[in-house]
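Report on the following structure.
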Amino acid sequence: MSIDSPKISTMAPAATPDLIPTPGKSYPEPTNALTTAPEGDWRAQLRADGYAVIKRAIPLERALKYQRQARQWLQSFGNDNLDYENPETWVAKNLPVQSTINTFSAYGVSHEKFMWDARMEPGVIEAFAQIWGTDELLVSFDSLNITFPNRKDVPRKGAWEHVDQSPFRRGMHCVQGIINLSTSGPNDGGLVVYPGSHRHHDEFFDEQTDRATWGVKDLYWFQEDQLSWFKSRGIAAHKICAEIGDLIVWDSRTIHYGAEPTEDGNVIRTVIYAAYSPARLASPETLERKAAVFKRYGGTTHWPHDNVVIRKTWAILPDGTRDPQDRDEPLELPDMTDRLLKLAGVKPY
């Protein structure tokens, strides 16, 4: 967005000694069920390529319902000027505060009922249970993405290749997910991955980078010359195409980024980010923080079992004040079932 666009502000995090990887500490790869997946299984593709698409993880009718609810949420801030049929209205002044150009993280949106209902879809949970070999899972409190194609008020965003796992961790520690509530064709906004790049993760960082430059956050941005190293090994960008109700999963070591629609794209992208991992991977301290974030209706990173910061996400306007339409709780609270509270890390398995 432009410099004076709204920003997301957060309260200062509490002390989090195990929030990020510690240099020199061993992080053994968690056990998973990918090694035994037979060829032809989508888990075998996740193992080999670092990503996979699970077709119709959510039945079409329910996926369309979540799409409608997401778009109704966007129109729930009293601005009647936003018209999904009129591209002239797809501008910042008609939208609530965004954390990035297309992503909504404030207003308690991570805990809206429709967000939790989508996260708790049996086909979505079952896919991650098949990845990790357990249904005792935690889920991230992640964001809603609604991307309007060819917006008039923001510049087109280029590629921003990255991974969401620190080089200090080895092996597969996090699998991210996108619950697709709209069609994602070649010209539409969507996920771009570099298939197979996860298999070169350790080699690249050990041989092509200085350990002192790694940093300890579970995030690493790639420069063009670094991408050339992967491309010289036959690894190239691939735009994932998916349909409404599909679930996209990818290893956090796989190089990826969210692509803007091309000028020929006309689909309003609507997706929910959701990642799941075994509850056994979370420390007692992390579970305590996760429960505190849940109580505040706050958000997390893509990591369900780590990188949890106690904070409340506020919607801050360009003048530095809190949006008067900000919310202390979701517009519609989810049903606080045992299953939901266990996925949230509030209740033990």
> Is any side-chain heavy atom of I54 closer than 4.5 Å to a side-chain heavy atom of V249?
Replying inline: yes

> Is the count of non-hydrogen atoms from other residues, nucleotides or ligands lying under 6.0 Å from E61 atom CD greater than 12?
Replying inline: no

>> With a 4.5 Å cut-off on side-chain heavy atoms, are R119 and V124 touching?
In response: no

>> Closer than 3.5 angstrom, by distance alone: can the side chain of S252 be matched with the main-chain N or O of Q165 as a donor-acceptor pair?
In response: no

> With ILVMFWY side chains joined below 4.5 Å, transitively, what does L138's cluster contain besides itself?
Replying inline: L287

> Stepwise, does the side-chain contact (heavy atoms from CB on, under 4.5 Å) test hold for V293 with V308?
Replying inline: CA-CA 8 Å; V293 173; V308 176; 4.0 Å; yes

>> Quick check: closest heavy atoms across N86 and T89, and the distance to 0.1 Å?
In response: O-OG1, 2.8 Å

>> Ignoring hydrogens and geometry beyond distance, is a side-chain donor-acceptor pair present between T31 and R280 at under 3.5 Å?
In response: yes

> Looking only at side chains, do S143 and T103 share a donor and an acceptor under 3.5 Å apart?
Replying inline: no

> Does K152 reach the side chain of W90, with side-chain heavy atoms less than 4.5 Å apart?
Replying inline: no

> Side chain of R269, backbone of F148: donor and acceptor closer than 3.5 Å?
Replying inline: no

> Same cluster for M115 and M120 if Ile/Leu/Val/Met/Phe/Trp/Tyr side chains link at under 4.5 Å?
Replying inline: yes

> Do the charged groups of K290 and E285 touch, with an N to O distance under 4.0 Å?
Replying inline: no

>> Could you report the tightest heavy-atom contact between A118 and I179, atom names first, then the distance?
In response: O-CD1, 3.8 Å

> Cationic tip of R211 within the cone over F205's six-membered ring, i.e. under 6.0 Å and within 45° of the normal?
Replying inline: no

> Any side-chain donor-acceptor pair under 3.5 Å between K342 and T337?
Replying inline: no

> Are W73 and F114 near enough that their ring centres are under 6.0 Å apart?
Replying inline: no

>> Quick one, R289 with S283, criterion side chain to side chain donor-acceptor pair (under 3.5 Å). Give me CA distance, side-chain angles, the key distance, then yes/no.
In response: CA-CA 10 Å; R289 290 197 299 271; S283 68; 5.3 Å; no

> Is there a path of hydrophobic side-chain contacts, each under 4.5 Å between heavy atoms of I, L, V, M, F, W or Y residues, that connects W303 with L46?
Replying inline: no

>> If you apply the rule side-chain contact (heavy atoms from CB on, under 4.5 Å), what do you find for W314 with D326, and how did you get there?
In response: CA-CA 7 Å; W314 302 119; D326 203 359; 3.4 Å; yes

>> Can you confirm whether E121 sits close enough to P59 that some side-chain heavy atom of one is under 4.5 Å from a side-chain heavy atom of the other?
In response: yes

>> Can you confirm whether or not the ring centre of F77 sits under 6.0 Å from the ring centre of Y107?
In response: yes

> Side chains of R327 and E112: does their closest heavy-atom pair fall under 4.5 Å?
Replying inline: yes

> Can K157 be said to sit on top of Y257's aromatic six-ring, NZ or CZ under 6.0 Å from centre and within 45° of the ring axis?
Replying inline: no

> Would you say F141 and V109 make side-chain contact, with heavy atoms under 4.5 Å?
Replying inline: no

> Are there more than 12 heavy atoms of other residues, nucleotides or ligands under 6.0 Å from atom CG of D80?
Replying inline: no

>> Pair R322, D328 - check salt bridge (Lys or Arg N to Asp or Glu O under 4.0 Å), show working.
In response: CA-CA 12 Å; R322 184 184 177 190; D328 292 318; 3.0 Å; yes

> Relative to the ring of F168, is the ring of W214 parallel (under 30°), tilted (30 to 60°) or perpendicular (over 60°)?
Replying inline: perpendicular

> Can you say whether the rings of H256 and H162 are parallel (under 30°), tilted (30 to 60°) or perpendicular (over 60°)?
Replying inline: tilted

>> Salt bridge or not between D225 and K231? Use side-chain N to carboxylate O under 4.0 Å.
In response: no

> For residues Q67 and T270, is any side-chain donor paired with an opposing acceptor at under 3.5 Å?
Replying inline: no

>> Is it the case that the side chains of H302 and S140 hold a donor-acceptor pair, with the cut-off being a distance below 3.5 Å and no angle test?
In response: no

> Going by atom types only, do Q226 and Y220 share a side-chain donor-acceptor pair under 3.5 Å?
Replying inline: yes

> Other than I178, which residues form its hydrophobic cluster under the rule that side-chain heavy atoms must be closer than 4.5 Å?
Replying inline: Y51, V53, L191, V193, I240, I248, W250, V271, Y273

> How far apart are the closest heavy atoms of W42 and A52, and which atoms are they?
Replying inline: O-CB, 3.5 Å

>> Please give me the minimum heavy-atom distance between A44 and A37, naming the atom from each residue.
In response: N-CB, 3.9 Å

>> Whether the N180 and S182 side chains hold a donor-acceptor pair (N or O, under 3.5 Å, no angle test) is what I'd like checked.
In response: no

> Quick one: does Q130's side chain have a donor or acceptor within less than 3.5 Å of a partner on R43's backbone?
Replying inline: no

> Any sub-3.5 Å donor-acceptor pair from S277's side-chain atoms to C174's backbone N or O?
Replying inline: no

> Do N150 and R156 have side-chain atoms, one donor and one acceptor, less than 3.5 Å apart?
Replying inline: yes

> Taking the side chain as C-beta and beyond, is there a heavy-atom pair between D188 and P261 under 4.5 Å?
Replying inline: no

>> Test your reading of the model: is there a side-chain donor-acceptor pair from D41 to the backbone of P38, 3.5 Å cut-off?
In response: no

> How far apart are the C-alpha atoms of M172 and L34, what are their side-chain angles, what is the distance that settles it, and do they pass the side-chain contact (heavy atoms from CB on, under 4.5 Å) test?
Replying inline: CA-CA 10 Å; M172 188 182 78; L34 299 189; 3.7 Å; yes

>> I'd like to know if L82 and I268 are part of one continuous hydrophobic network [Ile/Leu/Val/Met/Phe/Trp/Tyr, side-chain heavy atoms within less than 4.5 Å].
In response: yes

>> So which atom in L340 and which in M336 form the shortest heavy-atom distance, rounded to 0.1 Å?
In response: CD2-SD, 4.0 Å

>> Could you check whether R169 and S166, counting side-chain N and O atoms only, form a donor-acceptor pair closer than 3.5 Å?
In response: no

> Is E288 atom CD crowded by more than 12 heavy atoms from other residues, nucleotides or ligands, each under 6.0 Å away?
Replying inline: no

> Within a reach of under 6.0 Å around NZ of K55, are more than 12 heavy atoms found that belong to other residues, nucleotides or ligands?
Replying inline: yes

> Under 30°, 30 to 60°, or over 60°: which ring-plane class applies to F204 and F230, parallel, tilted or perpendicular?
Replying inline: tilted

> Any side-chain heavy atom of D49 sitting closer than 4.5 Å to one from D251?
Replying inline: no

> Which heavy atom of V192 sits nearest a heavy atom of A259, and at what distance?
Replying inline: CG2-CB, 3.6 Å

>> When you measure from the side chain of S105 to the backbone of S99, do you find a donor-acceptor pair of N or O atoms at a distance under 3.5 Å?
In response: no

> Are I58 and L60 in one and the same hydrophobic cluster, where Ile, Leu, Val, Met, Phe, Trp and Tyr link if side-chain heavy atoms are under 4.5 Å apart?
Replying inline: no

>> If we count only N and O atoms by modelled type, under 3.5 Å, do the side chains of T262 and N187 hold a donor and an acceptor together?
In response: yes

> Does the K217 side chain pair with the main chain of D164, one donor and one acceptor, at a distance under 3.5 Å?
Replying inline: no

>> As a quick check of understanding, evaluate side-chain contact (heavy atoms from CB on, under 4.5 Å) for H238 and Y194, giving each step before the final call.
In response: CA-CA 6 Å; H238 169 69; Y194 281 65; over 6 Å; no

> Under 3.5 Å, side chain of W132 to main-chain N/O of Y276, donor-acceptor pair present?
Replying inline: yes

> Do you see a donor-acceptor pair shorter than 3.5 Å between the side chains of N102 and E260?
Replying inline: yes

> L95 and V91: same hydrophobic cluster, using ILVMFWY side-chain contacts below 4.5 Å?
Replying inline: no

> Under the 3.5 angstrom rule, does the side chain of Q98 hit a backbone N or O of F104 as a donor-acceptor pair?
Replying inline: no

> Taking atom types as modelled and ignoring hydrogens, do the side chains of T321 and D319 form a donor-acceptor contact shorter than 3.5 angstrom?
Replying inline: yes

> Would you say E243's side chain and S184's backbone share a donor-acceptor pair under 3.5 angstrom?
Replying inline: no

